[in-house]
Amino acid sequence: MRRLIEGALADLARDGALPSAALGATFSVDRPKRAELGDVATNAPLALQKLAQMPPRAVAELLAERLRGAEGVREVAVAGAGFLNVRVTPAVFHAVLGDVLAAGVAYGRAPAATGERILLEFVSANPTGPLLISHGRGAILGDAVGTLLEAVGHRVTREYYVNDFGNQVRLLGESVRAMLEGRPAPAGGYGADYVRELAAWLGANAKEAVADPDPMALARAAVTRMLDGVPGSTVLPGIKTTLASLGVRHDAWFSEESLHRWGRVSAALIELSQRGYLEEREGALFFKSESEGDDKDRVVRKSDGLYTYFASDIAYHADKIARGYDRLIDVLGADHHGYQARVRGALRALGSKDEKLEVLLYQLVNLLRDGKPYKMGKRLGNLITIEEVVDEIDEAARRVGAGADALRYFYLSRRSDTTIDLDLEVAKKTSLDNPVFYLQYGYARACSMLARADEVFHVGTAALRLTPALAARLDQDDELAIVATLGRFPALLAEAAALREPHRIVFYAQELSQAFQSYFTRRKDDPVLPQEKHTREPGWEARWDWDKTRARLLWIEAIRSAYGAALRLLGITALPRMVRLDDAGRDGAAKATEDDEEAGT
RNA sequence: GCGCCACUAGCUCAGCUGGAUAGAGCGGCGGCCUCCGAAGCCGUAGGCCACAGGUUCGAAUCCUGUGUGGCGCGCCA
């Protein structure tokens, strides 16, 4: 439709009816807010008025004249100050339906590997403790952004940067050692339950690391356990396991320690030094990031001779560039936003284009309990892990995966730049009222109708073809409105990917589900499939309008495809059917969970 | 003090690359199951879009300022 309008404008310019300067204007081509106005609306006349130096209504009239008679256009109306409302022919809707049916769950996707090579770094939580509920946001956001980018044709490497070097890791090792020897944890060390479990396992299974005089040997063994988990432990399932249970995937695990081991850190610093970006002051080595737009210069080597975290970060980003990516995306929590300037500065100082780096910042998750701030601390021993929240919801919903779906929905349904309040009590109490189940229910309902059509009436959509005659049987406004919604999906997906905003997909899926479910409830008197009251009359089969049924089944199949595509992008399970939890069952399940918890405390 | 992010219905949030009468879920009120899944649907009440200026034919949307809240400003990671 946009092409049609652009074409019409170009024609007008060529004919001299419009100044060619007017072609530079940007305008919208959308569905009007009120469906009765038309199928497609554009504000082009309003947007063009300045450049065209004509009143908008005059532009609108010219454009309307040009569009009338164009293929697919049924009716054009000039409205308001200069809007153009267009009604399209049924053929346009049918073409959309054909596209969706042909593409299936791949609907809306661009051909693979047609875009940029992107390195997407996310989570990268310190491997000194289990993943907490607050880490979930970065994990799920990063994963969903990765999926979106892939869907529009980019080649994405998802990477977890493992901070297995430096103070924190050393302290983890020392805390384990202290635990093994019955001493209290060192200052700033770790003393939570999971360290006890970690120490017990390492003491029994990693004798070489325990015996090694190098304290880093034990620290490294501990990090490996934090990532892989302690077999059979619920306290320490392992970061990789937790991410897998959320459906979060990484392609690569990049070790910070390896940068040091292979001399990458010193090499990067030498490079900076040769370019005149390093300066020694008071015994420490500074990177002159202030000259590259940072607030102040940053230390890369402390006066005690040890490199800072930032030093490895320079080397890490230099390495990413060297690996040949077109774009580096770092998904970071808002508490790291200060990093951008210095890392950007370092890339620029190393002679790379800093525009390659894109920082996707997400605001933090505020934990509340009964409306009051809930402070978590590794030393307080009150850590809320992803694992435990997910398990609890799984149990309440009586399905493994329900917790991951609920958490993914929770995090993905909000824009990344707003702070989230997560009330643990409310989250538990309302886990079964989570809107994610609404999304899944709509999908299950579509599947269930298709299955019933196939099994009971032997009308499988796989064997059906959308012929023009069949397509013409879809003529109701609400049916065509949903087709129009399906038609929007590819553009929406492209936009969501470009803006790195998965929440747009959530709201789209919600809208689709709502329109779909509303349709069936409102049309109880005009069912797609024959009902009992029809089938008990002899000879009903000859009287039933099977073509209408076939047309609508294909329509449902198309909805199911787009719907499934959206859920897949979000990483939310598309369930072909959902086990009904009646009110008693839901209460019972919720109650059982509470009881269990009390028993466990 | 400086920087980043936000402020939209009672609550949680969409809408923000300017466009027509600002939307959804939850909660409130009132309806709808002998028939395609009621984890559903329909209706209804509820809004100085934080505030003040500015730009514009047009501002929830862009700019400036103010207020409130979150986060950051280590020779920590």
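All figures in this text were calculated on a predicted structure; none of them were measured in a lab. Chain naming here is simple, since letters A, B, ... match the order of the sequence lines and numbering starts at 1 in each.
Between Gln49(A) and G18(B) there is no side-chain N or O to OP1 or OP2 distance below 4.0 Å. Look at Ser448(A) and you'll find a side-chain N or O under 4.0 angstrom from OP1 or OP2 of G37(B). Of the side-chain N and O atoms in Thr521(A), none sit less than 4.0 angstrom from OP1 or OP2 of C32(B). Put simply, Tyr438(A) has a side-chain N or O that comes within less than 4.0 Å of OP1 or OP2 on C41(B).
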Please list each protein N or O that sits under 3.5 Å from an N or O in nucleotides 11-13 of chain B, with the distance.
from	atom 1	to	atom 2	distance (Å)
U12(B)	O2'	Arg414(A)	NH2	2.5

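As judged by a 4.0 angstrom heavy-atom cut-off over every strand, Leu37(A) is placed among the base-contacting residues. As judged by a 4.0 angstrom heavy-atom cut-off over every strand, Val579(A) is placed among the base-contacting residues. Residue contacts shown for Ala444(A) include a base, since a base heavy atom lies under 4.0 Å away. Note on Asn434(A): nothing from the nucleic acid sits closer than 4.0 angstrom, heavy atoms only. Within 4.0 Å (heavy atoms only), His336(A) reaches at least one base atom of the nucleic acid. Among the heavy atoms of the strands, none lies under 4.0 Å from Glu280(A). Arg281(A) comes within 4.0 angstrom of a nucleotide base, judged by non-hydrogen atoms across all strands. The residue Gln517(A) sits close only to the backbone: its heavy atoms come under 4.0 Å of sugar-phosphate atoms, none of a base. Across all strands, Ala334(A) comes closer than 4.0 Å only to sugar-phosphate atoms, never to a base (heavy-atom distances). Heavy atoms of Glu282(A) sit under 4.0 angstrom from at least one base atom.
With the nearest nucleotide of RNA chain B identified for both Gln514(A) and Gln340(A), Gln340(A) has the one nearer the 5' end. Between Ala41(A) and Phe520(A), the residue anchored nearer the 5' end of RNA chain B, judged by the nucleotide with its closest heavy atom, is Ala41(A).
Taking atom P on both C16(B) and G3(B), the two are 27 Å apart, rounded to the nearest angstrom. Using atom C1' as the reference point in both G43(B) and G58(B), the two lie 34 Å apart (nearest Å). Look at the P atom in both C73(B) and U56(B): the space between them is 41 Å, to the nearest Å. Taking atom C1' on both G69(B) and C32(B), the two are 43 Å apart, rounded to the nearest angstrom. Going from the P atom of C71(B) to that of G25(B) covers 32 Å, rounded to whole Å. With both ends at atom P, the span from U8(B) to G47(B) equals 15 Å, rounded to whole Å. Atom P of A60(B) sits at a distance of 31 Å from the matching atom of C41(B), rounded to the whole Å. Comparing the P positions of C29(B) and G19(B) gives a spacing of 37 Å, expressed to the nearest Å.
In this structure, Arg281(A) satisfies the cation-pi test against Phe286(A), with its NZ or CZ atom closer than 6.0 Å to the six-membered ring centre and inside 45 degrees of the ring normal. Cation-pi geometry between Arg369(A) and Tyr374(A) is met: the NZ or CZ atom falls under 6.0 Å from the ring centre, inside 45° of the normal.
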- prompt: Yes or no on ring-ring contact (aromatic ring centres under 6.0 Å, His included) for Tyr519(A) and Trp555(A), after CA distance, side-chain angles and deciding distance?
  reply: CA-CA 12 Å; Tyr519(A) 174 88; Trp555(A) 175 75; 4.6 Å; yes

- request: Quick one: do Phe489(A) and Tyr508(A) satisfy ring-ring contact (aromatic ring centres under 6.0 Å, His included)? Show the steps, please.
  value: CA-CA 8 Å; Phe489(A) 184 66; Tyr508(A) 176 84; 5.1 Å; yes

side-chain hydrogen bond (donor to acceptor under 3.5 Å, both in side chains) between Arg414(A) and Thr418(A), worked out: CA-CA 7 Å; Arg414(A) 287 151 168 85; Thr418(A) 58; over 6 Å; no

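With C36(B), U17(B), A38(B) as the candidates, the nucleotide lying closest to the side chain of Tyr441(A) is A38(B). With C57(B), A38(B), C75(B) as the choices, the nucleotide that has an atom nearest any side-chain atom of Phe286(A) turns out to be C75(B). In this structure, the nucleotide among A39(B), C75(B), G19(B) sitting nearest to the side chain of Met578(A) is A39(B). For Tyr339(A), the side-chain atoms get nearest to A77(B) when compared with the rest of A20(B), G37(B), A77(B). Listed nucleotides A77(B), G37(B), C42(B) differ in distance to Asn126(A); the shortest reach to its side chain belongs to A77(B). Closest to the Pro435(A) side chain, of the nucleotides G25(B), C42(B), C5(B), is G25(B). In this structure, of G70(B), A20(B), A77(B), it is G70(B) that holds the atom nearest to the side chain of Gln363(A). Side-chain proximity of Asp417(A) to U17(B), A6(B), A77(B): nearest is A6(B). Nearest nucleotide to the Leu364(A) side chain, out of G25(B), A38(B), C71(B): C71(B). Closest to the side chain of Asp335(A), out of C71(B), G37(B), A20(B), is C71(B).
Contacts between residues 294-309 of chain A and RNA chain B, defined by a heavy-atom separation under 4.0 Å, are made by Lys296(A), Val299(A), Lys302(A), Ser303(A), Thr308(A), Tyr309(A).
Atom CZ of Arg170(A) sits in a crowded spot, with more than 12 heavy atoms from other residues, nucleotides or ligands closer than 6.0 Å. Within a 6.0 Å sphere centred on CZ of Arg577(A), other residues, nucleotides and ligands contribute 12 heavy atoms or fewer. Applying the 6.0 Å contact sphere to CG of Asp477(A) captures no more than 12 heavy atoms from other residues, nucleotides or ligands. Counting heavy atoms of neighbouring residues, nucleotides and ligands inside a 6.0 Å radius, atom CD of Gln53(A) does not exceed 12 of them.
The partner of A38(B) is absent, by the rule that a Watson-Crick or G-U pair needs both atom distances under 3.5 Å. A 3.5 Å limit on both hydrogen-bonding distances identifies no Watson-Crick or G-U partner for G46(B). Shown here, G10(B) forms a base pair with C26(B); the pair counts as Watson-Crick or G-U wobble because both key distances fall under 3.5 Å. Look at G58(B): it lacks any Watson-Crick or wobble partner with both distances under 3.5 angstrom. C71(B): Watson-Crick or G-U partner is G3(B), with both key distances under 3.5 Å. Both distances falling under 3.5 Å, in either a Watson-Crick or a G-U wobble arrangement, place G53(B) opposite C63(B).
C49(B) takes the anti form, because its glycosidic angle lies more than 90° either side of 0.
Between Leu259(A) and Ser312(A) the shortest heavy-atom distance is CD1-O, 3.5 Å. Looking at every heavy atom in both residues, Phe310(A) comes nearest to Val343(A) through CE1-N, 4.2 Å. In terms of heavy atoms, Gly333(A) sits closest to Leu361(A) at O-CD1, 3.8 Å. Between Glu541(A) and Trp546(A), the closest heavy-atom pair is O-NE1, 3.0 Å.
Rounded to an integer number of Å, the gap from Phe287(A) CZ to G74(B) C1' is 18 Å. In this structure, CG of Leu499(A) is placed 14 Å from P of A14(B), rounded to the nearest angstrom.
The aromatic ring centroids of Tyr161(A) and Tyr316(A) lie less than 6.0 Å from each other.
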